[in-house]
Amino acid sequence: EHYGGLNGLTITWIGDGNNVLHSIMMSAAKLGMHLRIATPKGFEPDLRITKITEQYSKEYGTKLLLTTDPLEAADGANVLVTDTWISMGQEEEKKERLKAFQGYQITMQTAKSAASNWTFLHCLPRKPEEVDDEVFYSPRSLVFQEAENRKWTI
């Protein structure tokens with residue numbers, strides 16, 4: 001909706017290798033989107049999903065990057081995306097996870113290496129450690145439009 005199409009865009013995920021990332025991985029290449037993923041060691045996406053995503057990327061001629069460096073992943077990104085680092089049922093891991101995800105917060109510094117037309121998405125609810133207020137409440141943030149669009153799919 002924002003870009004007028006998805007083909008050729010680069011989407012960057014910075015955060016946990018969770019179910020939301022898995023959904024993006026299964027669809028990005030089919031929509032013609034390049035995908036760049038940064039997760040801490042030990043929090044990578046499911047290997048089975050990664051293998052399928054690699055195949056889709058080859059089949060649809062898109063690029064796929066998996067890294068532990070958020071700035072590398074953000075390089076040239078049109079869309080920066082993150083989600084919760086502590087999902088339901090992981091509350092006991094909070095201290096360990098917050099330590100592992102240090103340096104993964106999306107900030108304006110992260111966005112400096114993104115494309116000039118970058119935007120930010122988060123499926124909510126958001127916690128400040130995942131994305132700072134400056135990005136979350138900026139004109140680049142499409143989180144509230146994203147939430148409204150989700151309403152229509154329900």
Side-chain angles (χ1 to χ4, degrees), residues 1-3 6 9-31 33-54 56-57 64-115 118-154:
E1 180 179 352
H2 178 80
Y3 291 101
L6 301 176
L9 293 178
T10 298
I11 185 167
T12 292
W13 176 272
I14 298 174
D16 192 18
N18 64 19
N19 61 321
V20 176
L21 172 59
H22 292 153
S23 293
I24 292 170
M25 292 172 73
M26 296 301 291
S27 60
K30 291 179 179 181
L31 298 169
M33 298 176 72
H34 307 293
L35 180 57
R36 302 172 70 83
I37 300 167
T39 58
K41 286 188 189 302
F43 297 90
E44 298 89 354
D46 184 286
L47 187 57
R48 294 169 297 175
I49 302 292
T50 300
K51 288 189 183 301
I52 293 168
T53 302
E54 288 170 345
Y56 286 165
S57 186
L64 173 66
L65 171 74
L66 289 103
T67 181
T68 58
D69 183 348
L71 294 179
E72 179 183 16
D75 188 41
N78 302 105
V79 184
L80 300 172
V81 187
T82 195
D83 185 28
T84 186
W85 297 344
I86 304 155
S87 294
M88 289 182 291
Q90 297 174 328
E91 294 84 1
E92 291 179 13
E93 303 170 24
K94 181 176 182 175
K95 194 173 185 180
E96 170 196 334
R97 285 178 159 270
L98 290 177
K99 184 177 178 183
F101 284 88
Q102 283 182 352
Y104 283 79
Q105 181 191 48
I106 296 180
T107 64
M108 288 297 186
Q109 184 65 34
T110 312
K112 280 186 179 178
S113 62
W118 70 271
T119 56
F120 173 74
L121 295 174
H122 190 300
C123 64
L124 305 178
R126 161 263 189 174
K127 304 209 177 39
E129 62 265 14
E130 301 152 3
V131 55
D132 71 5
D133 285 350
E134 189 176 11
V135 171
F136 187 79
Y137 292 109
S138 79
R140 303 292 187 126
S141 176
L142 301 177
V143 296
F144 298 113
Q145 294 94 321
E146 176 185 9
E148 185 205 4
N149 285 344
R150 212 169 38 250
K151 180 177 85 171
W152 300 108
T153 65
I154 297 170

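Because only heavy atoms are used, hydrogens play no part in the values below, and waters and symmetry mates are left out as well, while side chains stay in.
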Kindly write out the residues that satisfy side-chain contact (heavy atoms from CB on, under 4.5 Å) with [X], not counting sequence neighbours, or none if the list is empty.
X      : answer
Ala115 : Asn78, Asn117
Lys41  : Glu44, Thr68
Thr107 : Gln105, Gln109, Thr110, Asp132
Glu129 : Trp85, Leu98, Lys127

Of all residues at least two apart in sequence or in a different chain, which pass the side-chain hydrogen bond (donor to acceptor under 3.5 Å, both in side chains) check with [X]?
X      : answer
Glu1   : Asn149
Glu72  : Thr67
Thr10  : none
Glu134 : none

Non-neighbouring partners of Tyr137 that pass ring pair (Phe, Tyr, Trp, His ring centres under 6.0 Å), sequence neighbours left out: none
Under the rule for ring pair (Phe, Tyr, Trp, His ring centres under 6.0 Å), what residues qualify as partners of Tyr56, not counting sequence neighbours? none
dist Lys112:NZ -> Leu71:CG (nearest 0.5 Å) comes out at 10.5 Å
Does Glu92 CD have over 12 foreign heavy atoms under 6.0 Å away? no
Per the side-chain hydrogen bond (donor to acceptor under 3.5 Å, both in side chains) rule, what does the pair list look like for residues 11-20, sequence neighbours excluded? Asp16-Arg97, Asn18-Asp83
Hey, can you tell me if His122 and Phe120 have their rings parallel, tilted or perpendicular (30° and 60° cut-offs)? tilted
Could you check if a side-chain atom of His22 sits within less than 4.5 angstrom of a side-chain atom of Met25, using non-hydrogen atoms only? yes
What pairs of residues pass the salt bridge (charged side-chain N to carboxylate O under 4.0 Å, His left out) test when at least one of them lies in residues 20-29, not counting sequence neighbours? none
I'd like to know whether Thr39 forms a side-chain hydrogen bond (donor to acceptor under 3.5 Å, both in side chains) with Tyr104, so could you lay out the CA-CA distance, the side-chain angles of the two residues, the decisive distance to 0.1 Å, and finally the verdict. CA-CA 8 Å; Thr39 58; Tyr104 283 79; over 6 Å; no
